[in-house]
S.K.: 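I'd like to ask some things about the structure below.
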Amino acid sequence: CVALCPAGVDIPGYIALIKEGRNEDAVRLIRKDNPFPTVCAYICEHPCEARCRRNMLDDSINIRGLKRYAVEQAGAVPAKENAPSTGKKIAIVGGGPGGLSAAYYLQQMGHQAVIYEKRKKLGGMLRYGIPNYRLPREKLDQEIQVILNTGVEVHMQVDIGKDITMCELDAQYDALYLSIGAQTDKKVGIPGEEGNHVISAVTMLRNIGDDILPDFHGKRVCVIGGGNVAMDVARSAKRLGASMVGIAYRRRKEDMTALPDEVEGALAEGCELFELQAPKRIELDENQNVAALWVQPQIIGMQDRKGRPSPNNADVEEKRIPCDIVVV
C-alpha cells in the first residue's frame with residue numbers, strides 16, 4: 001500500500017494508531033508525508049487499496065474510509081512546532097496543493113515561506129477544480145489554515161510577470177519554487193467549438209470555486225468526456241437546475257477513467273450516459289448558440305497499448321443530441 005501511495009504515507013502506521021484510538025497521532029503521522037489528510041480522506045483515488053495485502057484473502061481494507069474516520073474523530077490537530085529559524089526566505093509561486101505543501105514543509109524545516117497567488121483564494125485545483133459536494137469548502141479552508149498557522153506569508157491576487165517579475169523575486173529570496181499548476185483547458189478540436197454556450201469544465205468549475213454559479217435552470221446540457229472531471233461537471237449541472245444532462249463518451253461505461261462511484265453517482269442523480277458515441281461536431285443556430293451535439297456511434301476494436309479497447313466508427317449514421325449547453 002505504501003509503495004502505491006503517491007505521497008508514500010505510512011498507511012500501516014496510521015491504521016495501527018486508529019486501532020489504538022490515537023486518532024490525533026494518526027493525523028500527525030499522515031502529515032509527515034502529506035499535509036492534506038482531510039482533503040485526501042474525501043477525494044483521494046486510494047490506489048493503495050489495489051495493493052492492500054488483504055486482497056490475497058478477500059478484499060482490501062477501506063483505507064481512505066479509515067483516514068476519514070481518523071480526521072473526523074481527531075478534530076482540529078495543530079501542526080507540530082517548526083524547527084529553529086534558519087534565516088532563509090523562499091518565494092513560492094502558486095498557492096495550490098503543490099505550493100501549500102512546499103510552504104508547510106519549508107516552515108517545518110525552519111525556513112520562511114512566502115506564497116504569491118494569482119487568484120482570490122488559496123487552494124488551486126482543490127478549490128477551483130473539485131465541487132463543494134465532493135470536497136466541502138469549510139474542510140478545505142480548515143486544512144489550509146493549519147498550514148498557514150505555521151507562519152506562512154501570503155500575497156493574494158499577484159500576477160507574476162505583471163505585478164512582480166521573476167527577476168525581482170530571485171533577487172529578494174534565497175530560493176524560488178514554482179508551482180503554477182495546470183489550469184489551461186483542453187479543446188476537443190471539433191467544428192462549432194467556438195460557439196456561444198460551449199464552455200470548458202475548467203472555466204465552469206473555476207467560476208463555481210469563486211461562487212459565480214451559472215444558471216442552468218431548464219437547460220439541456222451535454223458533457224463531453226468520461227473522467228472524474230466530466231462526472232464533476234455533470235453532477236454540478238444537475239445541482240444547478242439542468243433539465244437534462246447527457247454524458248457523451250466514445251468508449252464503453254466500463255472503460256471510463258472516472259471512479260466507478262462517481263459514474264454510478266451521476267447516473268443515480270439522473271444524468272444520461274451516451275456510451276460508444278464519439279463527438280463529431282456542435283450544431284449552432286443562426287445566432288451562433290448551441291443547438292445540438294452530433295455524435296458518431298462507435299464499435300469496440302483492438303486493445304491499445306494501455307490495454308483499453310480502441311473505439312472505431314460504426315457503419316451507421318451520426319446521431320443528433322439536442323442541447324443548449326456543451327461542457328468540454
Side-chain angles (χ1 to χ4, degrees), residues 1-9 11 15 30 34 36-52 54-55 58-72 96-97 123-137 139-140 143 182 185-186 200-202 204-205 208-209 221-240 245-277 300 303-304 306-309 311 327-328:
C1 53
V2 177
L4 219 61
C5 174
V9 174
I11 294 162
I15 288 175
I30 294 165
N34 172 11
F36 288 100
T38 305
V39 167
C40 289
Y42 276 81
I43 58 153
C44 150
E45 294 195 3
H46 51 81
C48 52
E49 292 179 23
R51 290 284 169 86
C52 178
R54 182 78 196 184
N55 279 317
D58 43 31
D59 207 350
S60 66
I61 292 168
N62 185 1
I63 296 171
R64 187 177 74 178
L66 287 168
K67 184 188 291 167
R68 183 157 167 180
Y69 172 83
V71 298
E72 288 181 351
M125 279 303 196
L126 297 178
R127 185 182 302 279
Y128 295 108
I130 298 170
N132 191 47
Y133 71 87
R134 276 185 71 197
L135 178 58
R137 291 286 173 266
K139 299 287 185 188
L140 175 61
E143 193 112 284
D185 49 17
K186 282 185 178 178
S200 76
V202 171
M204 177 179 161
L205 293 172
I208 291 171
V221 179
C222 270
V223 177
I224 297 174
N228 283 319
V229 175
M231 299 307 108
D232 287 346
V233 292
R235 297 176 75 175
S236 295
K238 267 290 178 190
R239 285 163 169 76
L240 292 164
V245 177
I247 301 161
Y249 185 56
R250 65 197 183 105
R251 289 186 161 98
R252 299 171 300 178
K253 178 182 170 185
E254 54 263 41
D255 301 322
M256 295 175 88
T257 54
L259 290 172
D261 290 356
E262 289 297 311
V263 179
E264 295 304 330
L267 297 176
E269 287 171 15
C271 300
E272 291 181 64
L273 175 59
F274 303 116
E275 56 184 333
L276 289 170
Q277 305 292 337
I300 288 301
Q303 286 190 349
D304 60 18
K306 293 181 180 176
R308 293 202 300 166
V327 185
V328 181

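Count residues from 1 along the sequence.
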S.K.: Hey, does Val2 have a side-chain heavy atom less than 4.5 Å from the side chain of Cys48?
M.R.: no

S.K.: Using modelled atom types and a 3.5 Å cut-off, is there a donor and acceptor pairing between side-chain atoms of Arg251 and backbone atoms of Pro309?
M.R.: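 Yes: the side chain of Arg251 pairs with the backbone of Pro309.
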
S.K.: Could you check whether any side-chain heavy atom of Leu276 comes within less than 4.5 Å of a side-chain heavy atom of Ile300, counting everything from C-beta outward?
M.R.: yes

S.K.: Taking all atoms of both residues into account, what is the closest heavy-atom pair of Val39 and Glu143, and its distance?
M.R.: N-OE2, 2.9 Å

S.K.: Could you walk me through whether His46 and Asn62 pass the side chain to side chain contact (heavy atoms under 4.5 Å, CB included) test, one step at a time?
M.R.: CA-CA 9 Å; His46 51 81; Asn62 185 1; over 6 Å; no

S.K.: Any side-chain heavy atom of Glu269 within less than 4.5 Å of one from Arg239?
M.R.: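 Side chain of Glu269 against side chain of Arg239, heavy atoms only: contact under 4.5 Å found.
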
S.K.: Cys44 and Pro47: which non-hydrogen atoms are nearest, and at how many Å?
M.R.: SG-CD, 4.4 Å

S.K.: With rounding to the nearest 0.5 Å, note down the distance linking SG in Cys5 to CG in Asn34.
M.R.: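 One finds 7.0 Å between SG of Cys5 and CG of Asn34.
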
S.K.: With a cut-off of 3.5 Å and sequence neighbours excluded, list every side-chain donor-acceptor pair involving residues 257-267.
M.R.:
| residue | atom | partner | partner atom | Å |
| --- | --- | --- | --- | --- |
| Glu262 | OE1 | Arg235 | NH1 | 3.2 |
| Glu264 | OE2 | Lys253 | NZ | 2.9 |

S.K.: Show, in sequence, the C-alpha distance, side-chain angles and deciding distance for Leu135 and Thr38, and conclude whether the side chain to side chain contact (heavy atoms under 4.5 Å, CB included) test is met.
M.R.: CA-CA 9 Å; Leu135 178 58; Thr38 305; 6.0 Å; no

S.K.: State, yes or no, whether a side-chain contact exists between Val223 and Phe274 at a heavy-atom distance under 4.5 Å.
M.R.: no

S.K.: Got a sec, which residues hit salt bridge (Lys or Arg N to Asp or Glu O under 4.0 Å) with Arg250, two or more places apart in sequence or on another chain?
M.R.: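 Arg250: no salt bridge (Lys or Arg N to Asp or Glu O under 4.0 Å) contacts found.
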
S.K.: How close do Tyr249 and Asp255 get, counting heavy atoms only, and between which atoms?
M.R.: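 It is OH-O, 3.2 Å.
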
S.K.: If I take atom CD1 from residue Ile30 and atom CD1 from residue Ile11, how far apart are they, to the nearest 0.5 angstrom?
M.R.: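 It comes to 9.0 Å.
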
S.K.: List the residues meeting salt bridge (Lys or Arg N to Asp or Glu O under 4.0 Å) with Asp59, not counting sequence neighbours, and say none if there are none.
M.R.: none

S.K.: Testing the basics here: between Cys52 and Ser60, what is the closest heavy-atom pair and its distance to 0.1 Å?
M.R.: CB-CB, 3.6 Å

S.K.: Might you confirm whether atom CZ of Arg51 has over 12 heavy atoms from other residues, nucleotides or ligands at distances under 6.0 Å?
M.R.: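 No, because the 6.0 Å sphere around CZ of Arg51 holds 12 heavy atoms or fewer from other groups.
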
S.K.: Identify the two heavy atoms, one from Met125 and one from Ala182, that lie closest to each other, and give their separation to 0.1 Å.
M.R.: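 Smallest interatomic distance, heavy atoms only, reads CE-O, 3.6 Å.
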
S.K.: Got a sec, which residues hit salt bridge (Lys or Arg N to Asp or Glu O under 4.0 Å) with Lys139, two or more places apart in sequence or on another chain?
M.R.: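 Checked Lys139 against salt bridge (Lys or Arg N to Asp or Glu O under 4.0 Å); zero matches.
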
S.K.: So Leu240 and Val221, do their side chains get closer than 4.5 Å, heavy atoms only?
M.R.: no

S.K.: Measuring from atom CD of Gln277 to atom CD1 of Ile247, what distance do you get when rounded to the nearest 0.5 angstrom?
M.R.: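 So the gap between those two atoms works out to 13.0 Å.
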
S.K.: Could you tell me whether the side chain of Asn132 and the main chain of Arg137 form a donor-acceptor pair under 3.5 Å?
M.R.: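 It does hold such a pair.
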
S.K.: Taking atom SG of Cys40 and atom CG of Leu126, what is their separation to the nearest 0.5 Å?
M.R.: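 Spacing of SG (Cys40) from CG (Leu126) equals 8.0 Å.
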
S.K.: Quick one: salt bridge (Lys or Arg N to Asp or Glu O under 4.0 Å) partners of Glu45, sequence neighbours excluded?
M.R.: none

S.K.: Can you find a pair of side-chain heavy atoms, one from Leu205 and one from Val229, that are under 4.5 Å apart?
M.R.: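 They are in side-chain contact.
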
S.K.: Any salt bridge (Lys or Arg N to Asp or Glu O under 4.0 Å) pairs touching residues 61-71, not counting sequence neighbours?
M.R.: Arg68-Glu72

S.K.: Starting at CD1 of Ile61, measure out to CG of Leu66 and round the result to the nearest 0.5 Å.
M.R.: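 The CG atom of Leu66 is 7.0 Å from CD1 of Ile61, to the nearest 0.5 Å.
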
S.K.: If you measure from CD on Glu254 to CZ on Arg308, what distance do you get to the nearest 0.5 Å?
M.R.: 11.5 Å

S.K.: Considering all heavy atoms of both residues, which atom of Gly129 and which atom of Asp232 are nearest to each other, and what is their separation?
M.R.: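 It is O-OD2, 3.8 Å.
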
S.K.: Does Ile208 reach the side chain of Pro131, with side-chain heavy atoms less than 4.5 Å apart?
M.R.: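 A side-chain contact under 4.5 Å is absent here.
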
S.K.: Could you check if a side-chain atom of Pro136 sits within less than 4.5 angstrom of a side-chain atom of Tyr42, using non-hydrogen atoms only?
M.R.: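 In short, these two side chains touch, coming nearer than 4.5 Å.
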
